[in-house]
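Report on one structure; see the data block that follows.
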Amino acid sequence: MSNRSFVLAATVVGALALPIPGTLAETATKPQTENQTAGDVSMTNASKPATLKVPGATLYYEVQGSGPTLLIIPGGPQDAGVFAELAQRLADRYTVVTYDPRGNSRSSFDGEIRPLLMDQQADDAAALIEAVGSGPAYVFGTSGGAQIGLNLAARHPKLVQALVAHEPPSMMLMDDPSEAVAADKALYDTYVKDGVDAAMGMFFSMNGLEEAGDAAEAPPEFEMPPEEAETFARVSGNFEYWLAHGMLPLSLYTPDVMTLQTGNPKIVVAIGEASAGQPIEEMSLALTNKLGIAPTRFPGDHMGFGPQAAAFAEALHSSFAN
């Protein structure tokens, strides 16, 4: 397995073929910003890290490039580091904002760890758009991040110019979601009974990722570039939060189809060309069917934005331009 494939396998857990988005409402107030930049770097060549204080947490985010704002919302236990190459390929056309969602990596709670709340996650995304400025943002969310993006578009439509929801696991819109719900509950029960390692092994097996699972159980046999090694370590550390506090509430989220059908903002549902016939395609198509729109095919599979970053960036730009 290549170093890129190894890192991607580790960093996308929770965002491959199982549902990752959430439930419950909690309204956030307008946040205060605390910019903590690391040096004077070129926006088009390197990201500028900063933090944003929001109710109950401090968000870590990175900004690079120039142009209209493009917010990238990670899925599952992912963080900003997973999108480094994609962000760089878009920075000549957008002010690209990537971040660690509340509960993941460098975004910390004030006090004790709390369950993931979908409305709260969307309010965090809205706060980032307002902090960066430059008017309504283009938004790209993948997997669970797509579900957060759908919540954001429904509840904060004036902040979203357009949303590309990449393979949202909207299983609750399926005609019969019972099998998918049962699979998630079985995964959670395995975590409670046997711990993180057993649950992650079950997850890899359920999604046909046995090779990735084997690779993630031991250090790679190559020297990983420092930034990728840091991303691997951070995201691996997010597995327990996802299993304990995020997976079940997130998997039961139902997008607000009635509000999203208004057409403002524009919604594009992207499905990877290589995802044909996979469970995630069925979940994503359930959303397009409810919205009455055709899916847009993107390069690669559920993780196309990583190994096919160049083609993926062009597809994303084309969707926004159109």
field: salt bridge (Lys or Arg N to Asp or Glu O under 4.0 Å) partners for Glu179, two or more places apart
entry: none
task: Check the surroundings of atom CD in Gln161: do more than 12 heavy atoms from other residues, nucleotides or ligands lie under 6.0 Å from it?
output: yes
Under-4.0 Å salt bridge between Glu130 and Lys158: no
Ring pair (Phe, Tyr, Trp, His ring centres under 6.0 Å) involving His317 - partner list, sequence neighbours excluded: Tyr94
- prompt: Rounded to the nearest 0.5 Å, how far apart are CE of Met283 and CE of Met171?
  reply: 6.5 Å
- request: Could you state whether Val268 and Leu70 fall into the same hydrophobic cluster, counting links through intermediate Ile, Leu, Val, Met, Phe, Trp or Tyr residues with side-chain heavy atoms under 4.5 angstrom apart?
  value: yes
query: Closest heavy-atom contact between Gly81 and Arg234?
result: CA-NH2, 3.7 Å
message: Looking only at side-chain N and O atoms, does Asp256 offer a donor or acceptor that is under 3.5 Å from a partner on Asn151?
response: no
message: Pair Ile113, Tyr241 - check side chain to side chain contact (heavy atoms under 4.5 Å, CB included), show working.
response: CA-CA 9 Å; Ile113 294 174; Tyr241 177 79; 3.4 Å; yes
- request: Not counting sequence neighbours, which residues clear side chain to side chain contact (heavy atoms under 4.5 Å, CB included) with Ala309? List them please.
  value: Glu85, Arg89
Name of the residue among Thr51, Thr58, Asp100 meeting side-chain hydrogen bond (donor to acceptor under 3.5 Å, both in side chains) with Arg106: Asp100
message: Between Ser66 and Arg93 (side chain of the first, backbone of the second, donor and acceptor by atom type, cut-off under 3.5 Å), is there such a pair?
response: no
message: Looking at every non-hydrogen atom in both residues, tell me the closest pair between Ala270 and Val164 and how far apart they are.
response: CB-CG1, 4.0 Å
query: So do the side chains of Asn104 and Gln78 get within less than 4.5 Å of each other, counting heavy atoms only?
result: no
- prompt: How about Ser251 and Val181: do any of their side-chain heavy atoms sit closer than 4.5 Å?
  reply: no
- prompt: Which of parallel (below 30°), tilted (30 to 60°) and perpendicular (above 60°) describes His166 and Phe305?
  reply: perpendicular
message: Apply ring pair (Phe, Tyr, Trp, His ring centres under 6.0 Å) to residues Tyr191 and Phe239 and explain how you reach the verdict.
response: CA-CA 10 Å; Tyr191 159 71; Phe239 293 169; over 10 Å; no
task: For side-chain hydrogen bond (donor to acceptor under 3.5 Å, both in side chains), just list the numbers for Asp79 and Thr231, CA-CA rounded to whole Å, side-chain angles, deciding distance to a tenth of an Å, and then say yes or no.
output: CA-CA 8 Å; Asp79 67 19; Thr231 298; 4.9 Å; no
task: Kindly give the heavy-atom pair with the smallest separation between Gly246 and Leu116, and that separation in Å.
output: CA-CB, 4.1 Å
message: Test your reading of the model: is there a side-chain donor-acceptor pair from Gln308 to the backbone of Gly300, 3.5 Å cut-off?
response: yes
- request: Looking only at non-hydrogen atoms, find the nearest pair between Leu287 and Pro168 and report the distance.
  value: CD2-CG, 3.7 Å
message: Quiz question: by atom type and distance under 3.5 Å, do the side chains of Thr262 and Asn264 form a donor-acceptor pair?
response: no
query: Is there side-chain contact between Val63 and Thr95, with at least one heavy-atom pair below 4.5 Å?
result: yes
- request: Might you work through the side-chain hydrogen bond (donor to acceptor under 3.5 Å, both in side chains) test for Asp123 and His156, ending with a clear yes or no?
  value: CA-CA 8 Å; Asp123 288 345; His156 301 280; 2.7 Å; yes
Pairwise distance CE(Met202) to CG(Leu187) - rounded to 0.5 angstrom: 5.5 Å
message: Please evaluate residues Ser143 and Glu167 with respect to the criterion side chain to side chain contact (heavy atoms under 4.5 Å, CB included), reporting the C-alpha separation (whole Å), side-chain torsions for both, the decisive distance (0.1 Å), and the verdict.
response: CA-CA 5 Å; Ser143 195; Glu167 301 203 348; 5.8 Å; no
- line: On a heavy-atom basis, the closest approach of Ile73 and Ala125 is CD1-CB, 4.3 Å
- request: Mind checking the OG-CE spacing from Ser284 to Met174? Nearest 0.5 Å is all I need.
  value: 10.5 Å
Flag side-chain contact, heavy atom, 4.5 Å: Met172 against Leu252: yes
message: Asp110: which residues meet the salt bridge (Lys or Arg N to Asp or Glu O under 4.0 Å) condition with it, sequence neighbours left out?
response: Lys53
Counterpart residues, side-chain hydrogen bond (donor to acceptor under 3.5 Å, both in side chains), relative to Asp175 (two or more places apart): none
task: For the pair Glu228 (side chain) and Pro225 (backbone), establish whether a donor and an acceptor sit closer than 3.5 Å, ignoring hydrogens and angles.
output: no
query: Can the ring centroids of Trp242 and Phe203 be said to lie less than 6.0 angstrom from one another?
result: yes
task: For residues Arg155 and Ala122, report the shortest heavy-atom separation together with the two atoms involved.
output: NH1-CB, 3.9 Å
query: Going from OH on Tyr138 to CD1 on Ile129, what distance comes out if it is rounded to the nearest 0.5 angstrom?
result: 12.5 Å
message: For the CG atom of Asn289 and the OG atom of Ser170, what is their distance to the nearest 0.5 Å?
response: 11.0 Å
message: Are the side chains of Val235 and Pro77 in contact, using a 4.5 Å heavy-atom criterion?
response: yes
message: Between Ser236 (side chain only) and Phe232 (backbone N and O only), is there a donor and an acceptor less than 3.5 Å apart?
response: yes
- request: Applying side chain to side chain contact (heavy atoms under 4.5 Å, CB included), run through Leu52 and Val54 and close with a yes or a no.
  value: CA-CA 6 Å; Leu52 176 67; Val54 293; 4.1 Å; yes
- request: With the side chain counted from C-beta on, respond yes when Phe298 and Glu273 share a heavy-atom pair under 4.5 Å apart, and no when they do not.
  value: no
- request: Establish whether Met258 and Leu260 are linked, either directly or via other cluster members, by ILVMFWY side-chain heavy-atom contacts under 4.5 Å.
  value: no
query: Is the shortest heavy-atom distance from the side chain of Ile280 to the side chain of Ser275 under 4.5 Å?
result: yes
Short side-chain to backbone donor-acceptor contact, Gln261 and Lys290, under 3.5 Å: yes
- prompt: Does Tyr99 have any ring pair (Phe, Tyr, Trp, His ring centres under 6.0 Å) partners at least two apart in sequence or in another chain, and if so, which?
  reply: none
- request: Check for a donor-acceptor pair, side chain of Thr288 on one end and backbone N or O of Leu285 on the other, with a separation under 3.5 Å.
  value: yes
query: Atom CG in Asp301, atom CD in Glu281: separation rounded to 0.5 Å?
result: 12.0 Å
message: Between Tyr188 and Leu243, is the side chain to side chain contact (heavy atoms under 4.5 Å, CB included) condition met? List the steps.
response: CA-CA 6 Å; Tyr188 177 77; Leu243 289 165; 5.8 Å; no
- request: Determine whether the side chains of Gln64 and Ser47 contain a donor N or O and an acceptor N or O closer than 3.5 Å.
  value: no
- prompt: Would you say Ile72 and Tyr60 are hydrophobically clustered, going by side-chain heavy atoms of ILVMFWY under 4.5 Å?
  reply: no
- prompt: Heavy-atom distance under 4.5 Å between the side chains of Asp119 and Leu117, does that happen here?
  reply: no
message: Could you check whether any side-chain N or O of Thr190 sits under 3.5 Å from a backbone N or O of Ala186, counting only pairs where one atom can act as donor and the other as acceptor?
response: yes
